Amino acid sequence: MTEPLAPQYNPSAIESELYQWWTEQGLFSPDSHAPGSAQPYVIMMPPPNVTAVLHMGHGLNNTIQDVLIRFERMRGRRALWVPGTDHAGIATQNVVERELAQEGLTRFDLGRDAFVERVWAHVRETGSAILEQLKAIGCAADWSRTYFTLDEGLSRAVRETFVRLHEQGLVYRGHYIINWCPRCLTALSNEEVEKEEVDGKLWHLRYPLADDSGHLTVATTRPETMLGDTAVAVHPDDDRYRHLIGRQIRLPLADRLIPIVADDAVDPAFGSGAVKVTPAHDPTDFEIGRRHSLPSIDVMTPEARISLAAPDRFQGLDRYEARRRVVAEFDAAGLLERVEDHRHAVGHCYRCETVIEPRLSDQWFVRMEPLARPALAAYRDGTLRFVPERRGDDYAAWLEGIRDWCISRQLWWGHRIPVWYCDAAKCGVTTVSRTDLERCPGCRGPVRQDEDVLDTWFSSWLVPFSSLGWPERTPDLATFYPGNTLVSAPEILFFWVARMIMSGLHFMGAVPYTDIYLHGTVRDTLHRKMSKSLGNGIDPLEVVQRYGADALRYSLVSGMSVGTDVILDPADLEASFAAGRNFANKLWNAGRFILTNLEGPTRPLAGRNSDVIRRDELTLADRWIIARCDATVAEATEAYQRFRLNEAAAAVYHFIWSDLADWYIEQVKPRLYGDLPGGDVARAVVAQTFEVALRLLHPAMPFITEALWRRFPGRPESASISVAPWPAADARARDPEALRQFGLVQELVSAVRAIRAEYGVQPGQMVRAVVSGASQTAAAALKQERSTITRLAKLSELSLGETAERVGGHAVLSDGTAVFVPLGDAIDVGRECGRLGTEVDRLGKLVESQEGKLGNEQFVSRAPADVVERERQKLSTWKDQREVLVKKRELLGCS
RNA sequence: GGGCGAAUAGCUCAGCUGGUUCAGAGCGCCUGCCUUACACGCAGGAUGUCGGGGGUUCGAAUCCCUCUUCGCCCACCA
């Protein structure tokens, strides 16, 4: 690491090497970087799916977590970021099934054991690829604690949880209508169904009365389900139909007799006011069926084809073919009354988008209300804090309306349900067990385990404690539970975040974290979510390759404010990431300049020894940059703490680029080069302020800050910025006077530069400047930084006082100090008159409106005194400035 | 159907508790510069009815109402 630094920052040359060094040093593990007495700070990484490939959403999510964990680590906490992967039941099974399909096979061809082995092989091969990718963007997670939701330990936790909840009466098996995906061939929870509004139809079908005395019209969006109708329901108070209650319908096509029943669930105002009742295919109908002891006829196969329960000619038809056929037959029989357009919400599988079919089946459920109550209380009493706050309302609303959680899945990949059935006729016991059963505890006969597996979220909702060893009482669990912050996409608030809170409270007696930061979504410029299917994604690794991890991270962090979406342009990576790349390069070159100039005598800025730099040795510029640095420390620290990462990034960016590089480094050059005395002071100040800036920036841009920081002279080989102490604001650095005075210096330089540009003065051409009307402090400041001013404004001479010359460029600084740049023949007097004229007009308008404001009795009497005083100050400054310019115009002889 | 959010420069967005960082930043654009840290740079510059309308207030990008447009979440009216 001692080779000379290249003028162009080349991230790929340092990133992987640094990352490897960090991990070798164990810097990401609290065991090695922090004393045991330090307060822990814990983040649980949302485990990516094993089959996942890093996309920008992961990039954003993990960058935020990494910024926070690095920040807290530097602040001295025992920072632990636990990474892991999720076995992702349906998603992973789908991937492997697709693979098999390429070979013309289905999972049934392989059989359960061989299929599961095949999935394991796939997972072993590609399962942790995404974690490797996270390393490429710099994630400082503790890889020694990486978990997988199908690990032995986590599997034990899952089983313990299931059994315990069962013992507590909170897990039960039930025969209900659940959401069924006919493609994945499994039940889904309510949360796994995505509702989508679609334009559908409402078919009005005529059901003849059994005695041929007429008909009753029912309205339905799914005519094919009529094959399973077992009643027609009307509202008990509906006068139109009251006389029909208890009579029979002859169900067309199926040719069955079904009763007309009365039920409160029917809305007389909708459709015809009569509802066909299909208990096997609709949740409401199922309830009606229960109340009226109606039979359930399941007319669909798991694949959503018409089953053997329907007349022959429908059997085997796909549900939509069946729909057309049913409608056609009703039409042919003159029983199709009418068809209406009807917009309604239809559920889709969150994994494959297939339309969900409500289906009657036996499933396992978790009784959620008892778990939800404490989770809601933790929000209401302020234990939980959401960022942004409004997300808390979504959380509360979901908990208030919570429904039982269907946790069984008809898949092969996942945690097998720990339930064993005895099929012996005389025994038939069902056993829920922590350990695998060989024989029935009742009759010692053979048992068979439940075929189903558990919802993948049933393992991930435990990770805040299962990943730390629960149900064992491990030291990790004692130290790192509960954690602190959860960073997540809002999409998984219910799937994961809320459920972790419930499980944490139930099994550990404490919420797993108190701060819940829900960030936005990464979208393209059309505000569409980035997705593989749309092909509008940006590969974070490509960005890392082209611009570096720090550029990626900085661009994400700075382009994101609390809870808002991040918009990136997949068609123009340059536009999306130039800011980060440019900044990294700027930083690199500032560092290159500073580090190569640190050789030479220097003395400490603070400390006990007598060699320390005295305050009176500091120039105005020194005091200014130290004060600016201190203000930036306060600003950035506050912003990081409040999760306002973009503000923290902007504060440091501005300090480094606009203050340190544009002004201070320029100011300090003569001293560093030995052209002016005070090189030791300059070295101390530039080194200190830059070093502080690097630390402030490290959470957001870890690689480049580490690379530069380690190159500081005298740095021990083992030192890492990642565990360097966080900069503290220092009251001694505060210096409002220096901020104001150096501000005038900057204004003066800028004013001269603007005049030079305005009149096309050649870049190499020196000019003179005359300053008049400066206050004592202003004059003192300009004198102190005279050499800075003359150099940066390219002045041959800077004089204070009046001059007889009239022709040149004019400007007035914010404190009323006048600047005059004599330009002799070079200047177009008319042009300068015009320029001054518009400026006088502008100030005139300001003065006018300000006088209006201050002349307003209401304002003066009702606004706070300090506001009024400030406004008076403004008025007098503007008046002074206008005055000066008016005089200049007179001197120039402007008309 | 219910709830929520957003609309500010050509683009992406800051602007938090009404009043000194109040109209800003980055990218893009224009002009001039290869000034020995950086052309991924330096210096200077242009660009806005703060979505429309109404209101509260001495004062509104900021608070309230309303409309328009976009987005999100929730929902068993078949």
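Remember, predicted model here, so these are calculated numbers, not experimental data.
Side-chain nitrogen and oxygen atoms of A:S750 include at least one within less than 4.0 Å of the OP1 or OP2 phosphate oxygen of B:G44. Phosphate proximity of B:C76 to A:H344: absent, as no side-chain N or O sits under 4.0 Å from OP1 or OP2. For B:U36, the OP1/OP2 oxygens have no side-chain nitrogen or oxygen of A:R592 closer than 4.0 Å. Taking side-chain N and O atoms only, A:Y176 has no distance below 4.0 Å to OP1 or OP2 of B:C76. At B:G41, one or more side-chain N or O atoms of A:N582 fall inside 4.0 Å of OP1 or OP2 (strictly under the cut-off). Dashed line: the shortest gap from a side-chain N or O of A:K586 to OP1 or OP2 of B:C42 is under 4.0 Å. Contact annotation: A:T564 does not reach the phosphate of B:U12 (side-chain N/O to OP1 or OP2, under 4.0 Å). Considering only side-chain N and O atoms, A:W657 lies under 4.0 angstrom from the phosphate OP1 or OP2 of B:C42. Phosphate contact (OP1/OP2 of B:A37, side-chain N/O of A:K669, threshold under 4.0 Å): present. Contact between the side-chain N/O atoms of A:N589 and the OP1/OP2 oxygens of B:C40 is not found at any separation under 4.0 Å.
Across all strands shown, A:E758 has no heavy atoms under 4.0 Å from either base or sugar-phosphate atoms. Looking at heavy-atom distances under 4.0 Å, A:D267 makes contact with a base. Residue contacts for A:K874: at a heavy-atom cut-off of 4.0 Å it reaches a base atom on one of the strands shown. Counting any heavy atom pair closer than 4.0 Å across all strands shown, A:D285 reaches no nucleic acid atom. Among the heavy atoms of the strands lying under 4.0 Å from A:A590 is at least one base atom, whether or not backbone atoms are also near. Within 4.0 Å of A:A584, counting heavy atoms only, lies no atom of the nucleic acid at all. A:Y673 comes within contact range of the sugar-phosphate backbone alone, with a heavy-atom separation under 4.0 Å but no base atom that close. Here A:E638 lies out of heavy-atom contact (under 4.0 Å) with every strand. At the heavy-atom level, A:F690 lies nowhere under 4.0 Å from the strands shown. When heavy atoms are screened at a 4.0 angstrom cut-off, A:W203 is found touching no nucleic acid atom at all. Note on A:E491: nothing from the nucleic acid sits closer than 4.0 angstrom, heavy atoms only. Heavy atoms of A:Y653 sit under 4.0 angstrom from primed sugar atoms or phosphate atoms, though from no base atom. Within 4.0 Å of A:R390, counting heavy atoms only, lie sugar-phosphate atoms of the nucleic acid but no base atom. Here A:T221 lies in heavy-atom contact (under 4.0 Å) with sugar-phosphate atoms only.
Nucleotides B:C16 and B:C22 place their P atoms 13 Å apart, quoted to the nearest Å. A distance of about 30 Å separates the P atoms of B:C4 and B:U49, rounded to the whole Å. When the P atom is compared between B:U17 and B:A6, the two are found 12 Å apart, to the nearest whole Å. Atom name P, nucleotides B:U20 and B:U62: the rounded distance is 14 Å, in whole Å. Comparing B:G55 with B:C74, their C1' atoms sit 32 Å apart, to the nearest whole Å. Comparing the P positions of B:G15 and B:G51 gives an interatomic distance of 14 Å, to the nearest angstrom. Separating the P atom of B:G52 from that of B:A43 is a span of 35 Å, rounded to the nearest Å. The gap from the C1' atom of B:C38 to that of B:C34 amounts to 12 Å, rounded to the nearest Å.
Shown are A:T284, A:T230, A:D229; of these, the side-chain hydrogen bond (donor to acceptor under 3.5 Å, both in side chains) with A:T278 is made only by A:D229. Across A:L697, A:T689, A:T632, A:L694, a single residue satisfies side chain to side chain contact (heavy atoms under 4.5 Å, CB included) together with A:I656, and that is A:L697.
Geometrically, A:K586 does not engage A:Y653 in a cation-pi contact defined by less than 6.0 Å to the ring centre and at most 45° from the axis.
A side-chain N or O of A:E191 and one of A:W398 form a donor-acceptor pair less than 3.5 Å apart. Looking at A:Y350 and A:E192, their side chains do bring a donor and an acceptor atom within 3.5 Å of each other. For the 3.5 Å distance criterion, the side chains of A:S558 and A:N646 fail to qualify, holding no donor opposite an acceptor. Between the side chains of A:H281 and A:E357, no donor N or O sits under 3.5 Å from an acceptor N or O.
With rounding to whole Å, A:R753 atom CZ is found 15 Å from B:U35 atom P. Taking atom CZ of residue A:R756 and atom C1' of nucleotide B:U35, one finds them 11 Å apart after rounding to whole Å. For the pair A:L568 CG and B:C11 P, the interatomic distance rounds to 17 Å; values are reported in whole Å. In this structure, A:N646 places its CG atom 13 Å from C1' of B:U12, rounding to the nearest Å.
Within residues 570-578 of chain A, no residue has any heavy atom closer than 4.0 Å to RNA chain B.
Here the side chains of A:D282 and A:R222 are in contact, with some heavy-atom distance below 4.5 Å.
Across the strands present, B:G2 finds its partner in B:C73; the criterion is a Watson-Crick or G-U wobble pair with both atom distances under 3.5 angstrom. Base pairing annotation: B:U20 forms no Watson-Crick or G-U wobble pair, as no partner gives both donor-acceptor distances under 3.5 Å. Using Watson-Crick or G-U wobble geometry with both donor-acceptor distances under 3.5 Å, B:G41 finds its partner in B:C33. B:U62: no Watson-Crick or G-U partner with both key distances under 3.5 Å is found in any strand.
Taking 3.5 Å as the limit, the base of B:C16 and the side chain of A:R642 contain a donor-acceptor pair of atoms between them.
A side-chain donor-acceptor contact under 3.5 Å links A:S576 to the backbone of A:D569. A:D404 contributes a side-chain N or O that, together with a main-chain N or O of A:M368, makes up a donor-acceptor pair within less than 3.5 Å.
Using cut-offs of 30° and 60° for the angle between ring planes, the A:F583 and A:Y554 rings count as tilted.
With B:G19, B:C16, B:C40 as the candidates, the nucleotide lying closest to the side chain of A:F859 is B:G19.
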